[in-house]
There are 2 protein chains.
Amino acid sequence: MKIGELARHTGTQVETIRYYEREGLLPEPARTDGNYRIYGPAHAERLRFIRNCRSLDMTLDEIRLLLRFKDSPAENCGAVNDLLDEHVGHVVNRIRELRQMECQLRDLRELCKEARDAGQCGILNELKRPTLNSPDGDTHMGACKERNVHRAVAKARRS
Amino acid sequence: MKIGELARHTGTQVETIRYYEREGLLPEPARTDGNYRIYGPAHAERLRFIRNCRSLDMTLDEIRLLLRFKDSPAENCGAVNDLLDEHVGHVVNRIRELRQMECQLRDLRELCKEARDAGQCGILNELKRPTLNSPDGDTHMGACKERNVHRAVAKARRS
DNA sequence: TAAAACCCTGTAGCGGCTAAAGAGTCAAGG
DNA sequence: CCTTGACTCTTTAGCCGCTACAGGGTTTTA
């Protein structure tokens, strides 16, 4: 099948498929005379694998590792289990952070019940305050914000 | 004070401060003869405001809006309240998504209790499957993944 | 046979920083 | 006075995981 068909089958954008190829996650497929990419069922399975992992918010690096195991079925899969455990950890941490944020935001919201002039607004005034305790205590993350669930991890690596 | 001192006071990286200036969140400060930036307490307060908002995962655009209200204290602050309500919504949605992911990941993990050879690994095999239901049902987000809590929103805007 | 639908490569952009190169400025110690 | 080192300056490029063009070529359909 051609790239558009693969895209439809897997619910992926065409550009994303080409991107995965550039990134080495999908192998380079055969081409037609007209230079169109031609995919088989193995490609589709591999792409589905990748998309499933992405829907669980894994990074492409994590996925690369899983794919290596998928490609060498004789190896011991202990590292796969470890990766999953670690990734669950990322997700759980991020949930905790977000829950703290939710509380802080709700507290903040309480400070201005109804609309008045901005100079008196309890929300704006509170946000000026020295420090609204940040999600991870006093080690402000500053530089360390990473995307999605992997932020806390980046922080750990750095420290 | 000079930029390094401001950075220390507010727990921000020097480069981040210059970045906020470029982005128009912080006004351009006065300079010394040697072309060093010189900040006063107003700058520090504004920067703290920004960092507090960031620690609540607001985007710079959201912060820009809040700053506009902060800068015109005579205006009605209703929009501030609305922004906060909406932002709490983002956070709550993201928490829900992540919780679903956590469940899926834990289920997945159950499929391979102990290390064996990768060919038999229940995790790797499950990840090939057609579709592991994605966080938001069947409208796979694909193109719409955005960072942090604002992903679901981007999706909404797009549809 | 023409239009529409698809495909190709290459490049640039998103957000919110972070890092590094290469240069200038300033304070303290010898 | 001079050196050293800590600080600062500007500019540019990079991170992730795509997304969105521009400017072409190919294939399918009417």
Side-chain angles (χ1 to χ4, degrees), chain A residues 1-8 10-26 28-39 47 50-51 53-64 90 140-151 153-155 157-158, chain B residues 1-8 10-26 28-39 47 50-51 53-64 90 140-151 153-155 157-158:
Chain A
M1 59 183 144
K2 289 189 282 178
I3 199 168
E5 206 179 339
L6 177 62
R8 252 170 282 125
T10 58
T12 314
Q13 302 243 131
V14 166
E15 289 95 338
T16 304
I17 297 176
R18 288 195 283 244
Y19 171 71
Y20 289 159
E21 183 183 323
R22 277 199 305 283
E23 286 295 301
L25 295 170
L26 283 175
E28 296 189 20
R31 301 277 185 141
T32 64
D33 288 354
N35 199 33
Y36 285 14
R37 290 171 178 82
I38 292 296
Y39 297 96
L47 180 53
I50 296 169
R51 295 305 293 172
C53 291
R54 286 292 300 135
S55 84
L56 296 170
D57 239 5
M58 295 182 198
T59 63
L60 297 192
D61 267 350
E62 287 170 327
I63 298 169
R64 250 182 281 270
H90 303 166
H140 52 273
M141 310 186 40
C144 322
K145 297 255 176 187
E146 238 186 57
R147 66 225 31 80
N148 300 336
V149 302
H150 296 93
R151 318 191 332 160
V153 172
K155 179 176 157 279
R157 267 196 295 261
R158 166 177 309 262
Chain B
M1 57 182 149
K2 289 189 282 179
I3 199 168
E5 205 180 340
L6 177 62
R8 252 170 283 126
T10 58
T12 314
Q13 300 243 132
V14 166
E15 290 95 339
T16 304
I17 297 175
R18 287 195 284 245
Y19 172 71
Y20 288 159
E21 183 183 324
R22 276 199 305 283
E23 287 295 301
L25 295 171
L26 283 175
E28 296 190 20
R31 301 277 184 140
T32 65
D33 288 354
N35 200 32
Y36 285 13
R37 289 169 177 83
I38 293 295
Y39 296 97
L47 180 52
I50 296 169
R51 296 305 292 172
C53 291
R54 285 294 298 136
S55 83
L56 296 171
D57 240 4
M58 295 181 198
T59 63
L60 297 191
D61 267 352
E62 286 170 326
I63 298 169
R64 250 182 280 270
H90 304 166
H140 51 276
M141 311 186 38
C144 324
K145 297 254 177 190
E146 238 186 57
R147 67 228 26 83
N148 299 336
V149 302
H150 296 94
R151 315 188 338 158
V153 172
K155 178 175 157 281
R157 266 195 297 261
R158 165 177 313 260

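Note on naming: letters A, B, ... go to the chains in the order of the sequence lines (proteins, then strands), and numbering restarts at 1 for each one. Remember, predicted model here, so these are calculated numbers, not experimental data.
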For R64(A), side chain to side chain contact (heavy atoms under 4.5 Å, CB included) partners two or more places apart
E23(A), L25(A), L60(A), D61(A)
Along DNA chain D (nearest heavy atom to each residue), the more 5'-positioned of E15(A) and T32(A)
E15(A)
Check the distance between dG15(C)'s C1' and E23(B)'s CD and give it to me in whole angstrom.
9 Å
List in chain and number order the residues that pass side-chain hydrogen bond (donor to acceptor under 3.5 Å, both in side chains) with N35(B), two or more places apart in sequence or in another chain; answer none if no residue qualifies.
R31(B)
Using atom CE of M1(A) as one end and atom P of dC7(C) as the other, report the distance to the nearest whole Å.
12 Å
Hits for ring-ring contact (aromatic ring centres under 6.0 Å, His included) against Y36(B), two or more places apart or cross-chain, chain-then-number order -> none
Would you kindly give the CG-to-P distance between L25(B) and dG15(C), to the nearest whole Å?
12 Å
If you compare every side-chain N and O of Y20(B) against the phosphate oxygens of dC17(C) (OP1, OP2), does one of them come in below 4.0 Å?
yes
Just how far, in rounded Å, is P of dC17(C) from CE of M58(B)?
14 Å
Report the distance from atom CZ of R64(B) to atom C1' of dG15(C), rounded to the nearest whole Å.
10 Å
Please encode protein proximity along nucleotides 1-11 of chain D as a string of B, S and -, counting only heavy-atom distances under 4.0 Å.
------BSSB-
Output all residues satisfying side-chain hydrogen bond (donor to acceptor under 3.5 Å, both in side chains) with E5(A), sequence neighbours left out; order by chain, then residue number.
none
Over how many whole Å does the gap from L60(B) atom CG to dG16(C) atom P extend?
4 Å
Rounded to whole Å, please give me the gap between OH in Y19(B) and P in dA13(D).
17 Å
List the residues meeting side-chain hydrogen bond (donor to acceptor under 3.5 Å, both in side chains) with Y39(A), not counting sequence neighbours, and say none if there are none.
none
Decide whether Y20(A) and R51(A) meet the rule of one side-chain donor and one side-chain acceptor closer than 3.5 Å.
yes
